[in-house]
A.B. asks: 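This is the structure, below, for whatever I ask next.
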Amino acid sequence: MALTPTQNKMFCSYKANNPSLFSNRVIEEFFYIEEHVLLLLKSIEGDSNARKLLDEKFRRHFFRIRFVKYLSTTIKYCSIDHLRKNRKYEYRNQLIFDQPLLGKAEGLILGELLQLKYSETPNKESLTNPSRFYQTISNEHLAKAFLTLTEKQKYITTLVYVMSYQDNEVSKICGVSPQAVRKIRISALQKLRKAMIGRG
């Protein structure tokens, strides 16, 4: 339905006389449709039916715009909410040990945080204590065999096999010669071996 030159001229004249009305984008888009322009021109001429139909079409047009805006806003906020939930889930359920952390722990990675949290670093004194070493032995027969050693043998065995000290280092700690440390260590091992063989 094309506008005649006369109708087009009348509409342009109406637009020129009502610049504030057509500065509104909703109204401007409404009159992109020529059917609406014709209804406007008829209603200007006094056609009441054309006026009612024009009002009805504008209401539908305006409702469509508001509904689209409502949907786009809903989608926008739903996506923001979804992103927040995902971010929270990923922060609480981090599976990658080299993933960087946020907040107070910023600068650390997950693996480091877990190590700091769950690894209890024993002090040097507790490591060199034979009774502590005895408590860590999981093999029941070996634990019983360890109890049969002399106090000196227990202490030297703990220093060598827990602290990984060399014989000369142990000799400085105990105040004896490296040869004496070696002799005590070998005799302790032989005693443990015999006890383990004896228990099958």
Side-chain angles (χ1 to χ4, degrees), residues 1-3 8 11-12 14-44 49-143 146 158-159 161-165:
M1 188 187 294
L3 294 172
N8 195 33
F11 179 64
C12 289
Y14 184 81
K15 275 180 75 174
N17 292 331
N18 298 278
S20 59
L21 184 67
F22 285 88
S23 64
N24 188 312
R25 192 174 171 184
V26 176
I27 292 171
E28 190 181 7
E29 286 179 1
F30 178 71
F31 286 109
Y32 284 163
I33 300 168
E34 290 182 345
E35 183 188 353
H36 300 163
V37 174
L38 287 171
L39 289 171
L40 173 68
L41 294 175
K42 285 179 182 179
S43 62
I44 291 169
N49 290 330
R51 178 64 181 268
K52 285 176 185 177
L53 189 57
L54 183 67
D55 288 344
E56 181 60 32
K57 286 191 177 289
F58 183 76
R59 271 194 291 271
R60 288 180 183 176
H61 172 73
F62 191 63
F63 172 77
R64 194 180 299 113
I65 288 171
R66 288 185 66 185
F67 186 65
V68 169
K69 188 178 179 182
Y70 166 75
L71 286 178
S72 63
T73 306
T74 304
I75 291 166
K76 177 188 172 183
Y77 287 110
C78 281
S79 63
I80 290 169
D81 189 48
H82 184 67
L83 284 170
R84 282 177 183 163
K85 282 181 181 176
N86 277 353
R87 203 172 292 133
K88 192 183 286 184
Y89 178 81
E90 287 170 3
Y91 181 72
R92 288 178 178 174
N93 302 278
Q94 298 180 64
L95 299 176
I96 303 170
F97 283 100
D98 61 351
Q99 187 168 346
L101 299 171
L102 303 172
K104 291 181 181 177
E106 195 169 355
L108 289 175
I109 59 171
L110 180 63
E112 290 173 338
L113 183 67
L114 290 173
Q115 189 178 13
L116 289 171
K117 191 173 182 181
Y118 296 108
S119 67
E120 208 177 285
T121 308
N123 56 35
K124 197 173 181 180
E125 191 179 341
S126 69
L127 287 172
T128 57
N129 189 335
S131 62
R132 287 286 181 93
F133 176 46
Y134 165 74
Q135 290 170 5
T136 63
I137 301 172
S138 57
N139 187 299
E140 186 184 342
H141 298 308
L142 184 60
F146 184 78
T158 304
L159 288 175
Y161 297 106
V162 176
M163 299 299 292
S164 300
Y165 286 151

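Hydrogens, waters and symmetry mates are skipped; everything else that's a heavy atom, side chains included, is used. Everything numeric in this text was worked out from a predicted model, so none of it was measured.
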A.B. asks: Measuring from atom NE2 of H82 to atom OG of S79, what distance do you get when rounded to the nearest 0.5 angstrom?
C.D. replies: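 Reported to 0.5 Å precision, the distance equals 9.0 Å.
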
A.B. asks: In Å and rounded to the nearest 0.5 Å, what is the CZ to CZ distance from F67 to R60?
C.D. replies: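 F67 atom CZ to R60 atom CZ measures 15.5 Å (nearest 0.5 Å).
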
A.B. asks: By side chain to side chain contact (heavy atoms under 4.5 Å, CB included), which residues pair with I75, not counting sequence neighbours?
C.D. replies: none

A.B. asks: So, taking the atom named CG in N49 and the one named NZ in K42, what distance separates them when rounded to the nearest 0.5 Å?
C.D. replies: 10.0 Å

A.B. asks: CZ/R64 to CZ/F30 distance, rounded to the nearest 0.5 angstrom?
C.D. replies: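 The distance works out to 9.5 Å.
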
A.B. asks: Heavy atoms only: give me the nearest S131-N129 pair and the separation to one decimal.
C.D. replies: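 Distance-wise, the nearest heavy atoms are OG-OD1, 2.7 Å.
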
A.B. asks: Which residue pairs satisfy the salt bridge (charged side-chain N to carboxylate O under 4.0 Å, His left out) criterion with at least one member in residues 69-81, sequence neighbours excluded?
C.D. replies: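 Of all non-adjacent pairs touching residues 69-81, those that pass salt bridge (charged side-chain N to carboxylate O under 4.0 Å, His left out) are D81-K85.
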
A.B. asks: How about E56 and K52: do any of their side-chain heavy atoms sit closer than 4.5 Å?
C.D. replies: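 No, their side chains stay 4.5 Å or more apart.
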
A.B. asks: So, for V37 and F31, which heavy atoms are closest and what is the spacing to 0.1 Å?
C.D. replies: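 Looks like CG2-O, 3.4 Å.
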
A.B. asks: Counting distance only, does the side-chain N/O of H61 pair as donor-acceptor with the main-chain N or O of V26 below 3.5 Å?
C.D. replies: yes

A.B. asks: How long is the span from the CD1 atom in I27 to the OG atom in S20, to the nearest 0.5 Å?
C.D. replies: 8.5 Å

A.B. asks: Do you know the tightest heavy-atom contact between A50 and S43?
C.D. replies: CB-N, 4.1 Å

A.B. asks: Testing T74, V68, T73 for side chain to side chain contact (heavy atoms under 4.5 Å, CB included) with Y70, which one passes?
C.D. replies: T74

A.B. asks: Tell me, please, which residues at least two apart from Y14 pass side chain to side chain contact (heavy atoms under 4.5 Å, CB included).
C.D. replies: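 In terms of side chain to side chain contact (heavy atoms under 4.5 Å, CB included), with neighbours along the sequence ignored, Y14 is linked to N18, L21, F22, L40, I44.
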
A.B. asks: Just wondering, do D55 and F58 contact through their side chains at under 4.5 Å, heavy atoms?
C.D. replies: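 No; the side chains remain at least 4.5 Å from each other.
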
A.B. asks: Let me confirm one number: the CG-CG distance from L53 to L38, rounded to the nearest 0.5 Å.
C.D. replies: 11.0 Å

